[in-house]
Each structure stands twice: as C-alpha cells, then as structure tokens.
Q: 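Have a look at this one.
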Amino acid sequence: MKTPQPRIFATISSVPVFLFSSWNFVRFLAALQNWQTLQHLGADPLYLAASGLGWSLTLFILFGAQSKGWKPAPVAGILLSLVYFAFYWFERLSLQDSPAKNLPFSVITSISVFLLVTALFLMAAKEENK
Amino acid sequence: MKLSRLRTLPLFEIALASLVLGVHLYASLAGSHFLPMRWFLRDDAYYYFKVAQNISQGLGSTFDGLNLTNGYHPLWLLICVPIFALARFDLILPLRIVILVQAALSAASGVLLYRLLRRSLTPAIAVLATSFFTLDLTLHNTITQMGLETGLLAFSLILLLTALQRYQAASNRRSLLWLSAAACLTLFSRLDSIYLVLVLGLWLVLRGSALPKLLLADLFISLSAYVLAVLQRTSLPNYLPVFSSATLLAAALAFGLQSLIFYFLGLYQHPKGQNLLALTAKTALGSVAANTSVLALTLLFGLEIPRSAPLLALGISLPLSLGFRLGLGFFSPWPAMPPEEQKSPLTELRSAWRGWLADALAYFGPLGATLGGYLLYNRLAFGTFMPVSGQIKRWWGLLRHDIYGGEAKTALDIFGLDPHFSAAWNPWLKTLFSLSESLAARLNSLTNTTFLWTLFFAALLALALIFARRKQNLPVLARLGLFPLLMAAELHVFFYGALPYGGKQEWYWVLEILAGLILLAALTDFALRLLPFPRLTKSLAWGVSLALSLSLAWNFAFALTARMPLSDAQYAGQAYLDMVPLLEQNTEPGARIGMTGGGNVGYFIQGRTIINLDGLINSYAYFQASQNGQGAEFLSAMGLDYIFANPEILTQTEPYARQFNGHLEPLPGAPVYGGKQILRFLP
C-alpha cells in the first residue's frame with residue numbers, strides 16, 4: 001500500500017466549510033433560543049432556524065464528503081459556495097431592515113472569501129485527481 | 001483514486017482554525033463603534049495605522065504628515081499599508097480587515113504550533129498547549145487583539161521553529177536557506193528578535209558538538225556575573241545610568257577572551273569522560289586569565305566599572321562555568337568519546353572551519369544583507385540607522401523621575417524573575433508566586449525568599465523530569481529547539497533589564513510566552529511518560545486535554561462575541577472617541593495639536609493634525625531636540641498651536657518638564673478630560 005498523501009488544499013478548503021457549517025448551527029440554536037424576541041422584533045424565527053439548520057447540515061455533509069475523499073466534493077463545494085454567496089447577498093439586501101454601515105467591508109470580504117474558497121476547491125480537485 | 005491513499009483530514013486543526021476565523025469574522029462585523037472602543041485599545045496600534053494610511057496616500061512614512069518617522073517594526077507596517085489605503089473611504093473598514101488578517105495569523109500560528117509539538121510530544125499535550133496559546137483570552141489580548149506586530153511575530157517565531165525542526169531532520173543547505181528566510185521574517189516582524197536569530201545561527205553553524213551549548217552558557221554566565229558584580233559594588237539606580245554600558249562591554253570582553261582560551265584548552269569539547277581535576281584546572285586557568293585581562297584593560301583604558309568588579313565576576317562565573325560543564329558531563333546519556341577519536345581543538349578547527357563558514361554564509365548571508373539594507377535605508381531616509389522609538393526608550397531609561405518607568409527595579413527584575421515587577425515570564429511565574437505567597441503565609445517567612453526557594457525547587461523538578469528518562473527526553477528538547485529558544489528568550493529579557501530602557505510593554509514578551517509554553521508542554525509530556533499504566537494515562541490525558549480545550553474554546557467564543565455585538569445603535573450619532581469632538585469643538589480647523597501619545601486621536605480626528613510628543617512616532621530630529629531640552633523650540637518651529645495633555649505630566653515629569661515649562665497656557669473654558677486639558681502652546 002502506498003504512503004497516504006498529504007491533502008493540503010482539501011484540508012484548507014474544509015476550514016471555511018466547517019466554519020460556515022458551525023456558524024449556521026449557531027444561527028439555528030440562536031433562533032430557537034430567542035424565538036419570542038425575534039417574533040417581537042418582526043423577524044421570522046422559523047426562517048432563521050430552518051435556513052440555519054439547512055445550511056449547517058448541507059455544509060456538514062460536504063465536510064464529511066471532503067474528509068472521506070469523495071471525488072465530486074470540490075465541485076459540489078464550488079457550487080455550494082456560489083449559492084451561499086448569493087444567499088448571503090439576498091438576505092443582506094432584501095431581508096435586513098437597513099443595510100449596516102459596513103457595506104464596503106461586506107463587499108470586499110464576501111468577494112474575497114468566495115474567490116479564495118473557489119480557488120481552494122479547484123486546487124483540492126486537482127490534488128485529489130493526482 | 002482509491003480512498004486508502006488519502007490521509008484523513010486533521011480534524012483538530014480544522015476545528016481550531018474554524019473557531020478562530022469564525023469568531024474573528026463575527027468580531028469584524030461588529031458595530032463600528034466597538035472596534036475602537038472594545039478591540040483596538042492601544043494607542044501604539046494606531047501609530048501603525050496612521051503611518052500606513054499616510055504612506056498609502058503618498059505622504060511618506062509619517063504619523064503627522066509633517067515629520068518623517070521610522071518608529072515601528074517594518075514588516076507589520078508593510079502589511080498595514082494596503083489595508084489602510086482603504087481608510088480614505090471609511091476609517092473603520094481597515095480596522096475590520098486587520099481583525100481578519102490577525103485572525104488568519106492566529107489560526108496559522110495555532111496550526112503550525114500544533115504540528116510542531118505533535119511531532120515530538122503526546123498529541124493530547126499538543127492539543128492542550130495549542131488551545132491555550134490560541135484561545136486563552138489574556139494571550140489573545142496580548143498577541144492577536146491589539147493590532148500590533150505581535151500576531152505576525154508569533155506566526156514568524158513558530159514558523160522559524162518549524163523550519164529549525166525540518167533543518168535538524170534534513171540538514172541540507174536548502175533547508176538552511178529556508179531557515180534563514182524564516183529568521184528574516186522573524187527579525188523584521190520585531191527587531192528585538194535579533195537575539196533569537198543570532199543564538200539560533202550560532203546553534204546551527206556549530207551544531208553536532210557540545211560547543212554551542214557551552215558557548216551560549218558561557219556567554220550568559222559572563223554577562224550575569226559582570227552585572228551582578230557591578231551591582232554588588234554600586235546600586236541599581238546608579239548602575240543603570242552610569243555603569244551599564246561599560247559593564248556589558250567588560251562582560252563581552254571577558255567572554256571573548258575566555259572563549260578563545262577555553263577553546264584552545266579543549267573546554268568546548270564534551271566534558272563527559274574528561275578528567276575532573278584537569279577540567280577544574282583548565283576552567284580556572286581560562287577564567288582567571290580572561291578576567292584579570294579585563295581588570296588590566298579596565299585600569300589601562302579607564303573603563304567605567306568598579307575595579308573590583310572583574311575579580312568579583314570571576315568569583316561568580318568560575319563556579320558556574322565549571323558547574324555547567326560538570327553537569328553536562330554527568331547528565332549526558334551518551335557514552336564518552338574514546339580518547340583515540342578525540343580531536344585536538346586545532347585539528348577540529350582545521351577540519352570544521354570550511355563547513356562552519358559555508359553554513360554561516362548560508363544562514364547569516366541573507367539576514368545580514370536584508371538587515372544591512374534596512375539599516376542603510378533608515379540612515380538615508382530618516383537620518384538614523386535604528387528605529388527612533390527604541391532609541392527614545394533607551395533615553396527614557398536614563399532619566400530619573402520619567403513618567404514611563406519600565407526600567408529594571410531589582411536585580412531579579414534584570415533577569416525577568418521578579419514577580420512584583422517583571423512581566424516577561426509572568427504568565428508562567430505567577431502560579432509559582434501564588435504558591436510561594438501561600439507558603440510564606442504558612443511558614444511566616446518573607447514572600448520573596450519563599451518565591452526564590454519555590455523557583456529553585458521548580459527548576460530542580462524540571463531537571464528531574466528531563467533527566468529521569470534523559471535518553472528519550474533530550475532528543476525531544478533538541479527537536480523542539482528548546483535550549484537555544486530559552487537561552488535567546490532569557491538574553492532578550494536580560495538585555496532589556498541590564499541596559500536602561502523605559503516604557504516596556506507586555507507585548508514585548510511573545511518569545512518568552514512561546515518558550516515557556518513549549519517547555520511546560522514538554523515537561524508535562526515527560527511527567528506523563530513516567531506514570532504507570534500507559535493506556536489509562538493516555539486516555540486520562542486526552543480526557544483532561546479535551547475538557548480544558550473545550551472550556552477554553554467556549555470562553556473564547558462567548559467572551560469575544562459578547563464583546564463585539566453586531567449593532568451599535570446605542571452609539572448612533574456619537575464619535576468613535578470622546579476626545580475627538582472635544583478637540584474639534586475647542587480648536588480651529590487646521591490646528592496642530594501635540595499629544596503625549598495621540599495614536600487613536602490622530603487616526604480619527606478630522607481637519608486637525610495630531611503631533612506625537614513622546615517622540616516614539618516622531619522624527620529623529622525631534623528626538624535629538626528633546627534630548628537637548630529643545631523640544632519646545634522644535635515644535636514651535638513647526639507651528640504647534642495646542643497641547644492636549646495632563647499639565648502635571650508636562651511640567652513635573654521627565655522627559656517633558658525640561659521641554660515645556662514656560663511654554664503652556666490653559667485655554668479658558670476648555671473642558672478637562674481624564675486629567676487632560678487643552679493648553680495653548682506658547683512659542
């Protein structure tokens with residue numbers, strides 16, 4: 001049996017996947033915990049909980065696929081990051097009452113993170129195909 | 001592709017990086033007011049930010065837009081320049097990005113540290129040590145949060161240790177060049193890393209024998225002996241301003257002469273198996289010859305140290321040098337070299353010098369070239385080779401009644417071991433000090449004496465743990481680079497203490513934090529390996545490590561997210577700093593306002609110029625003027641209008657009293673803020 005190969009890009013690309021999975025799980029838990037407050041403030045706790053749980057599970061499955069070395073995982077990762085990017089901006093522009101002051105920061109950060117994650121997934125795909 | 005070829009993903013590293021990045025991403029999205037109010041709290045960080053902003057706007061390396069300055073560590077400033085180019089759009093935006101950059105550095109440092117430790121220690125220990133380094137809130141505050149060069153320094157240091165580990169395994173020229181590159185990164189992250197960079201170079205070039213260990217030990221012994229000898233003859237308040245430079249020069253002379261004599265007497269060969277009487281006689285001969293030569297030079301050239309100091313130093317250094325050699329010989333687990341294989345010092349020098357020179361060139365060459373280029377650039381651009389901030393702090397150390405303090409307070413403080421005053425080893429010594437305090441209360445003895453005994457017994461315990469399984473443990477310490485690391489850390493502390501230096505800060509001691517942590521992790525590992533029932537011990541270690549790491553993670557995530565809420569609605573319409581509207585309302589647009597610090601105000605104020613009065617981020621010309629008591633004239637020539645400071649500090653403490661007496665007039669009706677007043681500056 002050959003020596004296992006190190007998977008640098010698979011490892012690095014799994015960090016944002018795990019991060020956003022955890023973050024959305026926190027969103028799910030926070031929505032459950034603050035259900036009445038959110039309702040009182042006019043936000044929809046069901047939407048926040050469901051979207052948090054949905055993203056958390058989806059990204060956790062992707063993380064599992066990455067760790068098992070499932071070949072289509074990087075492609076799925078690119079598609080999901082595109083959807084997540086769109087979801088983030090949809091929420092920010094249409095659901096948030098007033099856009100926060102940090103708009104330039106959000107633009108720079110979200111685009112940079114999206115590009116970085118896509119690049120990492122591409123490198124991971126190349127690495128897994130070696 | 002078969003799954004069996006794939007290595008499992010490193011879950012701990014992914015979890016750690018995700019946690020660090022996630023929490024910081026959340027913090028970076030916080031309401032604008034919380035960034036200056038709850039995250040970037042130190043003025044010194046804004047020195048970087050404002051200079052970087054000015055550079056990006058083409059004003060040059062200046063804080064106030066008027067005076068050129070080099071009072072910073074260059075690499076962090078270089079990273080800040082593109083980030084603070086965004087300050088022209090929004091002053092908070094770059095601060096958010098700095099949080100993310102610091103988060104990336106912290107996560108990378110954590111992952112590298114874990115890998116460094118895991119290669120030599122039990123994984124459970126590596127997990128706990130890494131979690132502590134990355135997630136402990138005090139360390140996070142010192143290393144990551146302040147926005148200073150410390151995050152970059154921690155990353156560079158760990159990268160350097162990783163490169164060292166690789167070089168020790170591979171020992172080829174390529175890995176030595178990588179090591180040199182990592183050393184450059186470390187040096188320019190924080191310039192006082194020079195001690196580590198030099199010690200490591202010496203260690204690498206002379207590796208494979210007892211020479212570097214003995215040489216470094218002799219260096220430290222000589223320095224300590226001379227400082228203690230002069231202190232014994234004078235006193236600390238006299239030593240620092242009057243004798244310190246000459247003392248260190250005498251120590252360096254003694255070390256240089258002694259090393260030459262020791263080398264040719266064969267005292268840098270491994271002491272194991274050497275005849276005890278011969279070893280003692282040779283050590284005594286070398287020490288006596290070196291120190292009496294220093295005495296002669298002292299008398300001949302009038303070196304400003306007490307004449308008895310070289311003899312006292314001899315009395316201190318001789319037993320220590322001999323003791324170290326005897327200890328090294330006694331505890332070495334390896335067999336002594338047979339006499340027929342032992343080379344004479346001259347033969348060794350003849351056969352080894354080419355290799356030493358080649359390695360020295362590979363390691364020190366790039367370092368010397370970059371450092372030389374940096375110093376030359378400083379001279380040409382700023383009129384001085386060294387950063388002005390360091391020079392000013394040396395000057396503060398010479399002043400009596402200076403406001404910044406920070407110079408060594410006791411002999412123990414020079415070595416960073418005074419629990420009342422020393423910050424360098426404090427994260428590790430404070431537990432010992434608490435223990436000694438409770439022991440002192442029970443034994444009805446003095447806390448300081450009890451502390452010294454506690455320290456002594458802790459050192460004995462550490463040595464016992466190392467030497468209990470020395471054949472296994474010494475290679476672990478070597479792989480972790482602990483001897484040069486600890487030696488460099490102590491020299492770093494020592495030179496800050498043994499020379500006058502004012503205004504030391506807690507973030508100077510990242511090297512000591514790291515060295516202490518690695519040592520503690522290694523000792524814990526050695527202790528675990530001594531316990532019976534290895535499988536049970538391993539399970540228990542994992543249990544404790546995971547429980548503590550999770551507790552650290554929980555505390556880290558909740559404390560930081562609670563500190564940085566997303567909404568700052570309660571501050572809507574308010575300034576980022578209270579001082580800014582106060583100054584804007586009481587001074588006219590275009591006014592030039594001096595402040596003793598002024599970093600954050602300088603960054604946030606609009607339409608006014610803040611001029612730094614302590615000189616740390618001002619020009620070399622201002623420093624020279626301040627030294628000559630001409631600071632007010634210098635400021636007057638550049639059109640200073642106001643000073644916003646505590647009048648008592650300006651008129652009653654150094655370095656300000658000599659500058660500003662007679663140049664200040666209170667501004668009628670201006671409010672007082674935290675003891676500070678707006679004063680009109682009279683030319």
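So you know, we letter chains A, B, ... as the sequences are listed, proteins then strands, and number each from 1.
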Q: Got a sec: does the CE of B:Met37 have more than 12 other heavy atoms crowding it under 6.0 Å?
A: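 For B:Met37, atom CE is crowded (more than 12 foreign heavy atoms under 6.0 Å).
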Q: Over all heavy atoms of both residues, which pair between A:Leu19 and B:Gly22 is shortest? Give the atoms and the distance, please.
A: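 Of all heavy-atom pairs spanning A:Leu19 and B:Gly22, the closest is CD1-N, 3.5 Å.
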Q: If I take atom CZ from residue B:Arg96 and atom OG from residue A:Ser106, how far apart are they, to the nearest 0.5 angstrom?
A: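 B:Arg96 atom CZ to A:Ser106 atom OG measures 7.5 Å (nearest 0.5 Å).
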Q: Which residue out of B:Leu25, B:Ile92, B:Leu86 racks up the most heavy-atom pairs below 4.5 Å with chain A?
A: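 Heavy-atom pairs under 4.5 Å are most numerous for B:Leu25.
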Q: Measuring from A:Phe63:CZ to B:Ser18:OG, what's the distance to the nearest 0.5 Å?
A: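 So the gap between those two atoms works out to 7.0 Å.
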Q: Tell me if the OH atom of B:Tyr26 is crowded by more than 12 foreign heavy atoms within 6.0 Å.
A: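 Yes, OH of B:Tyr26 has more than 12 neighbouring heavy atoms, counting only those of other groups under 6.0 Å.
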Q: So does B:Arg166 have more than 12 non-hydrogen atoms from other groups sitting under 6.0 Å from CZ?
A: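 It does not: B:Arg166 CZ has 12 such atoms or fewer within range.
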Q: Which residues pass the side-chain contact (heavy atoms from CB on, under 4.5 Å) test with B:Leu19, sequence neighbours left out?
A: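 Per chain and number, B:Leu19 pairs via side-chain contact (heavy atoms from CB on, under 4.5 Å) with B:Val23, B:Leu135, B:Ala553, B:Phe556, B:Ala557.
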Q: Could you pull out the closest heavy-atom pair between A:Phe18 and B:Ala15, with the gap in Å?
A: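 It is CE2-CA, 3.8 Å.
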Q: Using side-chain heavy atoms (C-beta onward) and a distance below 4.5 Å, is B:Leu29 in contact with A:Phe105?
A: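 They are in side-chain contact.
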Q: For A:Ile108 and B:Leu93, which heavy atoms make the closest approach, and how far apart are they?
A: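 For A:Ile108 versus B:Leu93, the nearest heavy atoms are CD1-CD2, 4.1 Å.
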Q: Quick check for you: to the nearest 0.5 Å, what is the distance between B:Leu100 atom CG and A:Ser112 atom OG?
A: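 Rounded to the nearest 0.5 Å, the CG-OG separation comes out at 9.0 Å.
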Q: By a 4.5 Å heavy-atom criterion (distance strictly below it), what part of B:Ser28 contacts chain A: side chain, backbone, both, or neither?
A: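 Answer is both: backbone and side chain atoms of B:Ser28 are under 4.5 Å from chain A.
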Q: Going by the rule side-chain contact (heavy atoms from CB on, under 4.5 Å), which residues pair with B:Ser106 if we only count those two or more places apart in sequence or in a different chain?
A: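 For B:Ser106, the residues satisfying side-chain contact (heavy atoms from CB on, under 4.5 Å) (neighbours in sequence not counted) are B:Val20, B:Thr134, B:Thr144.
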Q: Other residues, nucleotides and ligands only: do more than 12 of their heavy atoms fall within 6.0 Å of CH2 on A:Trp35?
A: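 More than 12 within 6.0 Å, yes.
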Q: Around B:Gln57, counting heavy atoms of other residues, nucleotides and ligands shown, do more than 12 lie under 6.0 Å from its CD?
A: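 Enclosed: over 12 neighbouring heavy atoms sit under 6.0 Å from CD of B:Gln57.
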Q: Would you find more than 12 non-hydrogen atoms of other residues, nucleotides or ligands less than 6.0 Å from A:Trp55 atom CH2?
A: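 For A:Trp55, atom CH2 is crowded (more than 12 foreign heavy atoms under 6.0 Å).
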Q: CD of B:Gln570: more than 12 outside heavy atoms within 6.0 angstrom?
A: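 For B:Gln570, atom CD is crowded (more than 12 foreign heavy atoms under 6.0 Å).
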Q: Which residues pass the side chain to side chain donor-acceptor pair (under 3.5 Å) test with B:Thr130, sequence neighbours left out?
A: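 Side chain to side chain donor-acceptor pair (under 3.5 Å) check on B:Thr130 returns nothing, list empty.
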Q: Sort by residue number and list every member of residues 20-27 of chain A having a non-hydrogen atom under 4.5 Å from chain B.
A: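 Heavy-atom contacts from residues 20-27 of chain A to chain B are A:Phe20, A:Trp23.
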